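Start at 1 with the first residue, then count along the sequence. Just so it is clear, the model here is predicted, and its values are computed rather than measured. Remember, it's 1-based here, ligands and their atoms both numbered in the order they're listed.
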Amino acid sequence: MKKKDVVDSILKKKSFSIPLLFASVFSPSNIALCKYWGKSNEELNIPQNSSLSVSLGSLGSTVTIKKSEEEHDQVIFNRKILLKDDAFVVRLCEFLNLFRPSPDFFFHVETASNIPLAAGLASSAAGFSALVLALDKFFAWQLDAKDLSILARLGSGSACRSLWQGFVDWQKGEDSNGMDCYGKPFSIIWQEFRVGVLLISDKSKSISSRLAMKKTLLSPVYPEWLEKAEKDYKRIKEAVLKQNFIELGEVAESNALAMHSLLQTVSPPIVYSLHETLLAQKQVVALRNSGTNIYFTQDAGANLKLLFLSESEEVIKNYFPQIIIAKPFECF
Ligand code: PMV
């Protein structure tokens, strides 16, 4: 199946007749505690391994769509009109091609993100999730959460987890067309849970996660990653259900380190960390050794996300004054 076939099969009974004047939706960013790394189907973003994330509360993207008055799509990011050949615009327009009611229908898309784009902070996840939810509202499809999550996954894999706040499970599924591969929220509410974003660089990552994943599949130790990812996924799921913070933190940190070690086995090695990233990792470990329950995780970028509970918030703010703290359960 191609992306368009999946979209058509989901939208088969839906009409595009009279869209609203506009639709605007917010989606949170999400941070994987057990990472998705590697695709079994590149076209459909079907992952090789299951993953589990936590969403970042009020940190994320708001997408507003309406019909464009121009003969082409218009994309505005944080109030700036982007050029047609901008990589982000090209990717977005390709995705919008899947949803045009007619070939001469163009979209005006405004994205406002309160997190730096392409800095390994999963902003594309929030963006594609909000875009799909906005399309659903705009055309009044009223799709269920499962179908919306599948559509978001076609834009960016991890976007299928950004439809919800809190912890979200994304099982790799078994269907080769990915119809059983979508996000599912946990009912756990953990008010004390915190994620701190430690911004080390706001520059775009050195290599896209899409390309890095593709290269990593060729690593001789990729099968070992899959084995570990499967075990970590089960342990983190259990830790979330039991609200066992130490277990969750230990496994999440070791999972992120394993993903970055795997990246170094690619030839030439893929290194997202900067010198400052490694220093910050050491600081986290030192703080932990001095008695604060704190762990880090790192995605495809130089920044770190720190995991801790509200009881450690003041100590951590003193230690890392630049930290941006997300409260994943503040809206529950
Ligand atoms: O969904 P993508 O293509 O942006 O890839 C996300 C990859 C990681 O952020 C590193 C891991 C994850 O599960 O979110």
Do ligand 1 and S158 have nitrogen or oxygen atoms that lie under 3.5 Å from each other?
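Yes.
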Can you confirm, on distance only, whether ligand 1 has an N/O atom lying under 3.5 Å from any N/O atom belonging to Y36?
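Yes, since at least one N or O of Y36 sits under 3.5 Å from an N or O of ligand 1.
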Ligand-residue contact atoms, ligand 1 with [X], heavy atoms, under 4.0 Å:
| X | answer |
| --- | --- |
| S209 | 2 (P), 3 (O), 4 (O), 5 (O) |
| G157 | 1 (O) |
| A32 | 12 (C), 13 (O), 14 (O) |
| M213 | 5 (O), 7 (C) |

Can you list everything that forms a side chain to side chain contact (heavy atoms under 4.5 Å, CB included) with S68? Sequence neighbours excluded, please.
E70, Q74, F106, H108
In this structure, does ligand 1 have an atom that sits under 4.0 Å from one of the heavy atoms of [X]?
| X | answer |
| --- | --- |
| W37 | yes |
| S51 | no |
| A125 | no |

Residues, nucleotides or ligands: over 12 heavy atoms within 6.0 Å of I246 CD1:
yes
Does a salt bridge link R161 with D169, judged by any charged N lying under 4.0 Å from a carboxylate O?
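Salt bridge absent between R161 and D169.
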Does a side-chain N-to-carboxylate-O contact under 4.0 Å join R288 and E253?
yes
Ligand 1 versus R161, non-hydrogen atoms closer than 4.0 Å: side chain, backbone, both, neither?
side chain
Applying ring-ring contact (aromatic ring centres under 6.0 Å, His included), which residue pairs with at least one partner in residues 305-332 are found, sequence neighbours left out?
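As it turns out, the ring-ring contact (aromatic ring centres under 6.0 Å, His included) pairs with a partner in residues 305-332, which skip direct neighbours, are F167-F329, F329-F332.
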Let me know which of S29, S61, S27, S162 forms a side-chain hydrogen bond (donor to acceptor under 3.5 Å, both in side chains) with S129.
S27
Tell me which one of E313, E330, E311, E314 satisfies salt bridge (charged side-chain N to carboxylate O under 4.0 Å, His left out) with R194.
E313
